[in-house]
Amino acid sequence: MNLVNLESVSHAYGPKPLLSGVSLGVEEGDRIGVVGRNGGGKTTLISIIAGRLKPDSGRVTHTRNLRVGVLSQRDDFAADATVQELVLSGRAEHEWAGDASIREILANLLGDIELSARAGALSGGERRRTALARLLIGDDDLIVLDEPTNHLDIEAIAWLAGHLAARKSALIVVTHDRWFLDAVSTRTWEVVDASIERYDGGYAAYVLAKAERARIAQAAEDRRQNLMRKEIAWLRRGPPARTSKPKFRINAAEALIADVPPPRETVELLKFASARLGRTVYDLEDVTLHAGGPGAGPLVLDHCTWQFGPGDRIGLIGVNGSGKSTVLRLLSGSVRPDSGRLVEGRTVKLAHLSQELTELDPARRVLETVEEIRKYITVGKKEWSASQLLERLGFKGDAQWKVIGDLSGGERRRLQLLRLIMDEPNVLLLDEPTNDLDIETLTELEDLLDGWPGTLVVVSHDRYFLERVSDRTVALLGDGRLSMLPGGVDEYLERRAAGNALSARAASATPVLVAEAPVTVGLSAKEQRELQKELSRLERQLDKLTEREGKVHAQMAAAASDFEQLGKLDAELREIAALKESTELEWMDVADRLGE
């Protein structure tokens with residue numbers, strides 16, 4: 001069934017046409033990913049589809065009683081409204097607490113937010129997750145999402161993709177997260193040159209299909225160019241007078257010449273030389289680090305020793321608040337460890353792209369901020385001015401004299417990148433570099449980093465980008481260590497799902513069981529061996545109980561509507577909890593005896 005239909009829709013923002021004569025439809029069950037350049041009209045398109053924006057011309061029709069849920073990039077929450085009021089819309093507690101689907105949404109999006117919290121006290125990320133939870137709890141025929149993965153960590157993004165894939169609602173999503181696009185969409189719309197190009201499949205299929213279209217178009221252009229050369233040569237042969245030539249031949253040649261398409265406007269990033277790195281880049285020696293300074297805030301590293309070597313390409317992942325940005329600030333020298341030592345190589349020339357855009361003076365002009373780094377740079381055998389480089393990055397003409405405070409988020413991000421690269425660093429620390437960048441700019445950035453000869457440490461919630469540019473994945477799992485994950489993001493998600501990776505909150509609440517007992521005095525060697533065996537047996541028993549507990553939780557989720565089965569499982573869960581408690585007490589008693 002057709003849910004929404006657009007007929008010859010056009011819309012402009014000022015003198016710039018964003019949509020021109022667009023006709024398309026959204027069917028029941030459609031799962032559509034929308035891609036395109038920033039400012040190209042993606043948000044305009046979905047706003048028109050959702051009925052929130054009236055087009056300049058054309059017709060938009062919705063099926064009768066269509067329920068449309070929209071997640072926009074800004075919310076309109078009243079500051080004094082509570083999270084519970086916003087998300088649950090007056091539902092009685094027994095109503096939403098007995099609904100497994102609502103409990104799942106609350107647990108995965110709002111697990112660290114009190115339902116009694118006021119909207120005015122929430123951070124930007126918390127407001128975003130609150131808005132997303134409110135939308136998903138609804139029962140809409142069509143869900144329209146504008147950048148839903150903003151402020152979500154990799155684990156939450158994976159959950160959201162699975163949740164959306166299981167819903168029956170039709171879906172339209174605008175996002176720069178290419179992994180997410182592949183996971184949730186079965187069709188792709190590209191907004192380009194005020195029109196919509198349609199492709200079957202998610203992002204990967206879209207890239208392949210677009211490449212094939214480009215190949216076919218290039219072959220047609222090559223044929224057209226050959227024909228044009230022949231026609232021009234024909235026109236130039238013989239006497240100067242053209243009156244004797246057949247007029248249709250002259251008209252055909254002139255049409256070919258007039259039809260030469262303009263060169264495509266692209267964002268281009270240059271590969272600059274970088275200084276050589278020595279053997280040492282960064283060595284962490286027995287480092288302890290808290291997110292809020294010595295002893296303040298969550299524990300990030302606990303007596304951690306690690307080496308970052310020359311040419312390392314590391315993706316750093318962890319839940320929001322685990323301390324990824326704090327680790328980058330430690331490496332950049334902007335924060336100091338509580339204890340331990342950070343050794344920086346003598347040849348390190350650092351560039352740190354932070355999440356903050358405040359480091360750019362909003363009152364200064366674009367060209368001035370680049371020229372203060374360097375006015376000229378030599379690439380290969382050619383010298384480039386700052387103005388020429390800005391032009392190649394998309395800042396053309398008067399755009400170079402814009403005040404930074406008037407730039408969009410994506411423009412400021414591109415400007416930051418250019419300033420960093422022009423200083424020719426050999427170590428790059430990138431904190432969420434994909435924020436506010438469109439897919440075309442992201443692919444340019446990936447190409448740039450492909451040829452990067454130095455050391456790279458990148459923090460990003462964009463799984464596609466992270467896996468594309470890094471060779472190794474390291475995680476902060478809440479245990480105070482930097483953990484190597486040979487299986488990459490998949491291994492991280494598996495460990496989180498299995499409960500083997502403790503969050504910072506769980507680490508502070510649950511006693512950590514150490515595998516090795518300290519050397520003791522007063523016990524014979526035989527007694528120590530017997531106690532050590534008993535300790536190992538109890539630890540294996542605790543592991544089995546934990547695994548059994550996880551299975552029962554999964555069974556309860558699957559049987560959410562079977563109250564009789566839930567009662568049996570709940571009794572089993574209480575029995576397991578009692579066994580765990582008694583086993584832990586026994587373990588502590590044995591450990592104490594070993595430590596006497």
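Atoms CZ and CG, on F308 and L342 in that order, are 9.0 Å from each other to the nearest 0.5 Å. The line from CG of N150 to CD1 of I157 is 9.0 Å long, rounded to the nearest 0.5 Å. Here the straight-line distance linking atom OH of Y492 with atom CD1 of I154 works out to 7.0 Å at 0.5 Å rounding.
Heavy atoms of other residues, nucleotides or ligands lying less than 6.0 angstrom from CZ of R364 number more than 12. Annotation for E114: atom CD does not count as buried by contact number, only 12 or fewer foreign heavy atoms lying within 6.0 Å.
At least one donor-acceptor pair under 3.5 Å links the side chain of R313 to the backbone N or O of V469. Side-chain N or O atoms of N426 include none that pairs as donor or acceptor with a backbone N or O of G454 at under 3.5 Å. Between the side chain of D423 and the backbone N or O of P425, no donor-acceptor pair lies under 3.5 Å. Between the side chain of K324 and the main chain of A475, no donor-acceptor pair closer than 3.5 Å is present. No donor-acceptor distance shorter than 3.5 angstrom exists from the side chain of D283 to the backbone of V343, with no hydrogens or angles considered. Looking only at distances, a side-chain donor or acceptor of K42 sits under 3.5 Å from a matching main-chain atom of R37. A side-chain donor-acceptor contact under 3.5 Å links R118 to the backbone of D80. Judged by distance alone, with hydrogens and angles left aside, the side-chain atoms of R129 form no donor-acceptor pair with the main-chain N or O of L152 at under 3.5 Å. Checking side-chain atoms of T455 against main-chain N and O of V427 turns up no donor-acceptor pair under 3.5 Å.
By the 4.5 Å heavy-atom criterion applied to side chains, R31 and L164 are counted as neighbours. Taking the side chain as every heavy atom from C-beta outward, D302 and R481 never approach each other to under 4.5 Å. Between L330 and P337, some side-chain heavy-atom pair lies under the 4.5 Å cut-off. Inter-residue side-chain proximity for L109 and H163 is flagged as unmet; no heavy-atom pair is nearer than 4.5 Å. Residues V489 and W179 form no side-chain contact, since every pair of their non-hydrogen atoms from C-beta on lies 4.5 Å or further apart. Between D462 and L442 there is a side-chain heavy-atom pair separated by less than 4.5 Å. In this structure, Y199 and L208 have side chains that are not in contact, with every pair of non-hydrogen atoms separated by 4.5 Å or more. Between V319 and R496, the closest side-chain pair of non-hydrogen atoms falls below 4.5 Å.
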Would you check, one step at a time, whether the test side chain to side chain contact (heavy atoms under 4.5 Å, CB included) holds for N38 with H176?
CA-CA 10 Å; N38 282 348; H176 298 147; 3.2 Å; yes
Derivation of the side chain to side chain contact (heavy atoms under 4.5 Å, CB included) call for W159 and I105
CA-CA 9 Å; W159 172 83; I105 292 168; 4.0 Å; yes
Residues L145, L171; criterion side chain to side chain contact (heavy atoms under 4.5 Å, CB included); working and verdict:
CA-CA 8 Å; L145 305 177; L171 172 69; 3.8 Å; yes
Apply side chain to side chain contact (heavy atoms under 4.5 Å, CB included) to the pair L415 and L390, showing each step before the final yes or no.
CA-CA 8 Å; L415 181 58; L390 279 167; 4.1 Å; yes
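When all heavy atoms of I373 and R419 are compared, the pair lying nearest together is CG2-O, 3.8 Å. Nearest heavy atom pair, residue G315 against residue S470, reads N-CB, 3.5 Å. Taking every heavy atom of both residues into account, Y376 and R374 meet most closely at O-CG, 3.0 Å. Annotation for A50 and V70: closest pair CB-CG2, 3.6 Å, computed over non-hydrogen atoms. In this structure, E411 and F395 approach most closely via the heavy-atom pair O-CZ, 3.4 Å. Taking every heavy atom of both residues into account, G480 and C304 meet most closely at O-CB, 3.9 Å.
For S385 and S387, the side-chain atoms include no donor-acceptor pair closer than 3.5 Å. No side-chain donor from either of D338 and T288 sits under 3.5 Å from a side-chain acceptor of the other. With hydrogens and angles left out, the side-chain atoms of D177 and H461 include no donor and acceptor closer than 3.5 Å.
The pair R134-D75 fails the salt-bridge criterion, with no side-chain N (NZ, NE, NH1 or NH2) lying under 4.0 Å from an Asp/Glu carboxylate O. Of the charged side-chain nitrogens involved, at least one lies within less than 4.0 Å of a carboxylate oxygen, so that R463 and D490 count as a salt-bridged pair.
Annotation: ring-ring contact (aromatic ring centres under 6.0 Å, His included) contacts of Y464 (sequence neighbours excluded): Y203. Y282 is linked by a ring-ring contact (aromatic ring centres under 6.0 Å, His included) to nothing, counting only residues two or more places apart in sequence or in another chain.
L353 pairs in a side-chain contact (heavy atoms from CB on, under 4.5 Å) with only one of the listed residues (L429, L420, V459), which is L420.
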